[in-house]
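Below is one structure, written out as structure tokens; the observations come after it.
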Amino acid sequence: MRAAVISERNAPPVVGDFREPEPQDGAVLIDVDTAGLGGWDVLGAYRLGVEYPCVIRGEGVGRAPDGRRVYFGERSVAPFGAWAERTLVPAAEVWEVPDEVDDKTAISMGIAATGAIVPLEKAAIQKGEKVLILGATGTLGQIALQLARSMGAGKVVGAARSAEALMGLKSRGIADEVVTLGGTDDVAALKDAAAGGFDVVLDLVCGQPMLTALKATNWGARIMTIGTGAGRQVNLDIADLLFRSLSCIGTGQRPPAEREQIWRRLLKIAKEQDIQVDYLDYTLDQAAEAWAAQVSGPHAKITASIRR
């Protein structure tokens, strides 16, 4: 079968022939229609313990042997993955897609949207509170801005390093205000956008942006951190954390049945609230281009049509 294959650590994917997955007890063979790509796929492809060659894992939508249209997360049985004509996925990770839900929505409401809704619900946003999303221009950030507003936030602010992508969010009404990080005084810029300070911060990047955001929060603020794109280690002054709470949330570390229920709830929310997500669309043959776009930070959800 045709697949996007990574041959060795740090090598980009190359489309070519790869062995077919074989039936296995407890797993489902899936003919893949649409694949997704995220930052976790790039990081996971080069982590310790990965055996090469392997297919880009990803999440996707396809058909099970019984004809059901199904979504699957990025837990394909190694060495298989979503960026191939067929994959093999543990049965508990294969979820039937409602007829009215398109492939791209099914994918974007999976890993990314779960990463937004779980920490925001734990933050227990109160009506009128001011919410900051760090790393707002990616898929998770775009969804988080919209969910925070629906949860009662009085003001939602997006912060990231791309001024152009941020202005796109503001012009479409997804964010009330935006802050381009990396200026001469990011703390002052954040405080100005909040007209004082934030009550909730969803931190998708950690590193210096998280430390900066701490200084722009009100007493009683909740900081929920779920990503490490700007660095995993921080030099924290505990005085900045006094009278606030900081939680590290592992959004994907939940049983499959629980994640499926979250996903089904998100599908309904996406329809009822018309959740908007930017996409970049590719084909399987363009896997290397899609991979390069993800590495550079696409400010959109990458998907690919697998079937010719």
Taking the side chain as everything from C-beta on, heavy atoms only, tell me whether W83 gets closer than 4.5 Å to V5.
no
Identified side chain to side chain contact (heavy atoms under 4.5 Å, CB included) partner of I107 from the options V97, V277, T34
T34
Here the salt bridge (charged side-chain N to carboxylate O under 4.0 Å, His left out) pairs for residues 265-277, sequence neighbours left out, are E121-R265
Pair E96 + R69: basic N to acidic O under 4.0 Å
no
Are I275 and L145 grouped together when hydrophobic residues (ILVMFWY) are joined by side-chain heavy atoms under 4.5 angstrom apart?
yes
For a quick test of reading the model, state the closest non-hydrogen atom pair linking L190 to A213 and the distance between them.
CD1-CA, 4.0 Å
Point-to-point distance, once rounded to the nearest 0.5 Å, from CD1 of I30 to CZ of R68:
8.5 Å
Taking all heavy atoms of Y52 and all of A45, pick out the closest pair and write down the distance.
OH-O, 2.7 Å
Begin with the C-alpha distance, continue with both residues' side-chain angles, and end with the deciding distance and a verdict on side chain to side chain contact (heavy atoms under 4.5 Å, CB included) for D278 and R172.
CA-CA 12 Å; D278 292 327; R172 291 153 55 197; 3.0 Å; yes
Answer whether the closest heavy-atom distance between the side chains of F198 and V131 falls below 4.5 Å.
no
To check you understand the geometry: which heavy-atom pair defines the closest contact between A144 and L120, and what is its length?
O-CD1, 3.6 Å
Supply the atom-to-atom distance L169 CG to E177 CD, rounded to the nearest 0.5 angstrom.
12.5 Å
Is there a side-chain contact between I56 and L37 in this structure, where contact means two heavy atoms from C-beta onward sitting under 4.5 Å apart?
yes
Check whether T228 reaches the backbone of G231 with its side chain - one donor and one acceptor, N or O, closer than 3.5 Å.
no
Distance in Å, I269 CD1 paired with Q146 CD, rounded so as to fall on 0.5 Å steps
11.5 Å
Table please: side-chain donor-acceptor pairs of residues 148-160 below 3.5 Å, with sequence neighbours left out.
unit_1, atom_1, unit_2, atom_2, d
R149, NH1, G173, O, 3.3
R149, NH1, I174, O, 3.4
R149, NH2, D176, OD1, 2.6
R149, NH2, D176, OD2, 3.3
S150, OG, L147, O, 2.7
S150, OG, Q273, OE1, 3.2
K155, NZ, A193, O, 2.6

Is any side-chain heavy atom of V201 closer than 4.5 Å to one of T217?
yes
Within one Ile-Leu-Val-Met-Phe-Trp-Tyr cluster: I262 and W40, side-chain cutoff 4.5 Å
yes
Report, as yes or no, whether the 6.0 Å neighbourhood of atom CD on E51 holds more than 12 heavy atoms from other residues, nucleotides or ligands.
no
Using the side-chain contact (heavy atoms from CB on, under 4.5 Å) criterion, which residues pair with T283? Sequence neighbours excluded.
D285, Q286
Ring-face cation of K104 near Y279 (centre distance under 6.0 Å, axis angle within 45°)
yes
For T105, give me all partners under side-chain hydrogen bond (donor to acceptor under 3.5 Å, both in side chains), at least two apart in sequence or on another chain.
D102
Look only at the side chain of R63 and the backbone of G67, and say whether a donor-acceptor pair between them is shorter than 3.5 Å.
yes
With sequence neighbours excluded, tell me which residues meet side-chain hydrogen bond (donor to acceptor under 3.5 Å, both in side chains) with T139.
none
Is any side-chain heavy atom of L266 closer than 4.5 Å to a side-chain heavy atom of I117?
yes
Distance from L284 atom CG to I306 atom CD1, nearest 0.5 Å?
4.5 Å
Taking all non-hydrogen atoms of both residues into account, name the closest pair between E8 and Y46 and its distance.
O-CE2, 4.2 Å
Could you check if a side-chain atom of R264 sits within less than 4.5 angstrom of a side-chain atom of P98, using non-hydrogen atoms only?
yes
Taking side-chain hydrogen bond (donor to acceptor under 3.5 Å, both in side chains) as the cut-off, I'd like each qualifying pair that reaches into residues 182-193, sequence neighbours left out, listed once.
none
With the 4.5 Å side-chain cut-off for hydrophobic clustering, are L204 and I302 part of the same group?
no
Tell me whether R2 contacts the main-chain N or O of E85 through its side chain, where contact means a donor paired with an acceptor under 3.5 Å.
no
Would you say the side chain of V101 lies within less than 4.5 Å of the side chain of D99, judging by non-hydrogen atoms?
no
Does any part of the side chain of I223, heavy atoms only, come nearer than 4.5 Å to the side chain of L214, both counted from C-beta?
yes
Would you list the pairs meeting side-chain hydrogen bond (donor to acceptor under 3.5 Å, both in side chains) in which at least one residue belongs to residues 122-135, sequence neighbours left out?
E129-R222
Spell out, as yes or no, whether a donor-acceptor pair under 3.5 Å connects the side chain of T114 to the backbone of I111.
no
With T137, the side chain to side chain donor-acceptor pair (under 3.5 Å) member among H299, R161, E164
H299
Ignoring hydrogens, what is the shortest heavy-atom contact between G250 and R254? Give both atom names and the distance.
O-NH1, 2.7 Å
Enumerate the side-chain hydrogen bond (donor to acceptor under 3.5 Å, both in side chains) contacts for residues 9-29, please, sequence neighbours excluded, ordered by first and then second residue.
E20-R86
Tightest non-hydrogen contact, residues D281 and T303, listed as OD1-OG1, 2.8 Å
Side-chain heavy atoms under 4.5 angstrom apart, residues restricted to Ile, Leu, Val, Met, Phe, Trp, Tyr: same cluster for V205 and V42?
no
Expected list for residues 71-82: side-chain donor-acceptor pairs under 3.5 angstrom, two or more places apart:
unit_1, atom_1, unit_2, atom_2, d
Y71, OH, E59, OE1, 2.4
R75, NH2, G252, O, 3.2
S76, OG, T87, OG1, 3.0

When Ile, Leu, Val, Met, Phe, Trp and Tyr are grouped by side-chain heavy atoms lying under 4.5 Å apart, directly or through other members, which residues fall in the same group as V14?
none
Less than 3.5 Å apart, any donor N or O on the side chain of S305 or Y282 sitting next to an acceptor on the other?
no
Salt-bridge present (K215, D240; N to O < 4.0 Å):
yes
Cluster check V55, L88: I/L/V/M/F/W/Y, side chain < 4.5 angstrom
yes
Can you list everything that forms a side-chain hydrogen bond (donor to acceptor under 3.5 Å, both in side chains) with Q294? Sequence neighbours excluded, please.
none
If you round to the nearest 0.5 Å, how far is CG of L267 from CE of M109?
7.5 Å
Separation between OG of S162 and CE of M167, rounded to the nearest 0.5 Å:
11.0 Å
Quick one: does any side-chain atom of W95 pair with a main-chain N or O of R259 as donor and acceptor, under 3.5 Å?
no
Partners of T225 by side-chain hydrogen bond (donor to acceptor under 3.5 Å, both in side chains), sequence neighbours excluded?
D203
